[in-house]
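First comes the structure, then the notes that go with it.
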Amino acid sequence: MKREEWLKKGFVDEPIDKSIDLKAAINKLKKEKNAIILAHYYQKGEIQDIADYVGDSLALAQWAAKTTADIIVLCGVHFMGETAKVLCPDKKVLVPDLNAGCSLADSCLADEFEQFVKEHAGYTVISYVNTTAAVKAVTDIVVTSTNAKQIVESFPKDEKIIFGPDRNLGNYINSITNRNMLLWDGACHVHEQFSVEKIMELKAQYPDAIILAHPECKSVILKLADVIGSTAALLKYAVNSSEQRFIVATESGILHEMQKKCPQKTFIPAPPNDSTCACNECNFMRLNSLEKLYNCLKYEFPEIEVDAEIAKKAVVPIQRMLDISKKLGL
Ligand code: 13P
Ligand code: SF4
């Protein structure tokens with residue numbers, strides 16, 4: 001009965017005794033249950049700090065694929081949990097809050113995408129990892145922002161390609177590979193709202209600042225950027241660079257790891273169009289909390305389920321991506 005109620009809510013809402021040391025309790029449960037906690041860079045700092053691994057979408061899939069743990073707690077969004085489940089069908093994959101969706105994945109409904117693919121016979125289908133397992137099931141190869149360029153370039157120049165669902169990433173990859181892939185018209189609500197004017201104001205205030213941008217941003221923002229890359233690539237650049245100040249145009253959760261790795265450097269989150277909102281935070285990513293993580297491990301709920309037929313098809317393009325990435329040393 002309780003589980004039905006939790007399922008309706010999307011997370012376990014059992015009250016937690018205030019005297020409990022949550023971090024110690026999570027670590028204890030993790031050991032007892034042979035679980036690992038994987039967290040994306042956009043998670044709240046408290047979750048990144050307790051995770052076994054923190055990384056970008058590619059790293060999360062790679063860690064899920066090779067873990068020997070019995071339970072994977074994916075602190076990220078639903079499609080990341082699905083990817084882990086598809087790669088590890090025999091493991092229990094949990095996400096602290098099932099409501100953690102993704103506006104980009106939502107911009108590509110599986111039946112509409114499948115119809116689009118059917119209408120374009122002879123096209124190779126490349127899908128960004130920010131898609132449902134059902135979309136991956138009609139995909140030839142999955143990419144993340146870390147490997148999209150190399151994977152697209154692994155196909156002949158004249159290959160006819162459908163790229164979905166992110167039009168901004170698709171446009172960017174078209175521009176740097178000199179291709180003309182057919183793009184699905186989707187986007188992420190966080191990366192779409194950065195303001196050119198406000199970034200330029202910041203740059204005028206701090207002329208020494210390096211602008212870092214994720215390729216999910218619109219092309220007008222990417223034109224301003226000094227460095228364009230996945231969360232992992234932006235972090236790596238910030239760590240290795242001798243520059244001291246950075247304006248960061250991606251979800252602001254990444255600043256936690258940047259600041260942690262480079263305590264002397266200054267990171268300024270790129271402001272959204274509407275300065276009254278915290279729109280450079282992904283409301284889905286931020287649904288996960290330490291409390292929900294504790295309850296999720298304790299009750300082993302909510303669990304990610306993927307239809308077996310869909311999983312059988314979706315694993316093929318995901319595994320293809322992992323194999324190519326390994327060969328490329330990514
Ligand atoms: P990466 O993790 O590949 O940088 O992508 C960011 C993102 O939007 C995840 O949802
Ligand atoms: Fe999806 Fe955008 Fe949130 Fe990433 S930041 S999970 S693309 S909604």
Side-chain angles (χ1 to χ4, degrees), residues 38-44 47-48 51 53-64 74-84 95-108 126-132 135-136 142-152 164-170 172-173 184-194 212-218 221-222 225 227-238 248-258 269-270 272 277-288 318 321-322 325 330:
L38 305 180
H40 191 269
Y41 290 126
Y42 295 165
Q43 289 291 283
K44 288 178 178 164
I47 291 197
Q48 294 189 45
Y53 299 101
V54 187
D56 69 350
S57 318
L58 175 62
L60 296 180
Q62 288 168 327
W63 283 317
L74 205 311
C75 294
V77 293
H78 193 269
F79 76 80
M80 295 174 176
E82 274 194 339
T83 302
V95 288
D97 189 335
L98 272 188
N99 301 302
C102 168
S103 57
L104 178 51
D106 288 348
S107 68
C108 186
I126 303 185
S127 291
Y128 193 31
V129 70
N130 297 40
T131 43
T132 59
V135 165
K136 292 185 177 85
V142 169
V143 298
T144 74
S145 51
T146 284
N147 56 28
K149 176 177 180 280
Q150 291 94 326
I151 289 182
V152 167
D166 190 21
R167 60 171 177 258
N168 295 325
L169 176 66
Y172 171 65
I173 300 293
W184 185 261
D185 194 18
C188 154
H189 72 299
V190 178
H191 289 88
E192 281 262 292
Q193 51 68 47
F194 290 113
L212 307 177
H214 195 281
E216 286 176 27
C217 294
K218 286 186 193 168
I221 300 291
L222 297 182
V227 181
I228 299 169
S230 63
T231 46
L234 299 181
L235 176 65
K236 193 171 166 195
Y237 184 88
V248 186
T250 188
E251 210 274 359
S252 58
I254 185 71
L255 269 73
H256 181 74
E257 190 67 10
M258 286 177 166
C277 72
C279 329
N280 53 5
E281 289 183 5
C282 173
N283 50 324
F284 298 115
M285 283 279 181
R286 306 299 173 112
L287 284 175
N288 296 324
I318 300 173
M321 168 187 79
L322 293 181
S325 300
L330 296 170

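Fair warning: this is a prediction, and the values are worked out from it, not measured in the lab. Counting starts at 1 for both ligands and their atoms, following the listed order. Residues: numbered from 1 along the sequence shown. These numbers come from the heavy atoms of this one structure, side chains and all, not from hydrogens, waters or symmetry mates.
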Any Pro165 side-chain heavy atom under 4.5 Å of Asn130 side chain:
no
Could you list which atoms of ligand 1 come closer than 4.0 Å to a heavy atom of His214?
1 (P), 4 (O), 5 (O), 6 (C)
Give the numbers and elements of all ligand 1 atoms closer than 4.0 Å to a heavy atom of Ser230.
4 (O)
Just to be sure I read this right, does ligand 1 sit under 4.0 Å from the backbone of Asn130, its side chain, both, or neither, counting only heavy atoms?
side chain
Among non-hydrogen protein atoms, atom 1 (Fe) of ligand 2 lies closest to Cys102 SG, 2.4 Å
Those atoms of ligand 2 less than 4.0 Å from some heavy atom in Ser103:
8 (S)
State the atoms of ligand 1, each with its element, that fall below the 4.0 Å cut-off from a heavy-atom position in Thr231.
1 (P), 2 (O), 4 (O)
Answer with yes or no whether Tyr41 contacts ligand 1, where contact means a heavy atom under 4.0 Å from a ligand atom.
no
Ligand 2 versus Cys282, non-hydrogen atoms closer than 4.0 Å: side chain, backbone, both, neither?
side chain
So, His189 and atom 1 (Fe) of ligand 2: N/O/S under 2.8 Å, yes or no?
no
Distance filter under 4.0 Å to Cys188 heavy atoms, resulting ligand 2 atoms:
2 (Fe), 5 (S), 7 (S), 8 (S)
Top protein contact for atom 7 (S) of ligand 2, by heavy-atom distance
Asn130 ND2, 3.1 Å
Out of all atoms in ligand 1, which are within 4.0 Å of some heavy atom of Ser145? Include the element for each.
1 (P), 3 (O), 4 (O), 5 (O)
In ligand 2, the atoms that come under 4.0 Å of a heavy atom of Glu216 are 7 (S)
Do Ser103 side-chain atoms and His189 backbone N/O form a donor-acceptor pair below 3.5 Å?
yes
For ligand 1, which is the ligand I care about here, please tell me if Asp56 has any N or O atom under 3.5 Å from one of the ligand's N or O atoms.
no
At a non-hydrogen distance cut-off of under 4.0 Å, which region of Glu251 contacts ligand 1 (side chain, backbone, both, or neither)?
neither
I'd like to check which ligand 1 atoms, numbered from 1 as shown, lie under 4.0 Å from a non-hydrogen atom of Tyr42.
6 (C), 7 (C), 8 (O), 9 (C)
So for Tyr128, does at least one of its heavy atoms come nearer than 4.0 angstrom to any atom of ligand 1?
yes
Could you tell me whether the side chain of Ser145 reaches within less than 4.5 Å of the side chain of Tyr128, counting heavy atoms only?
yes
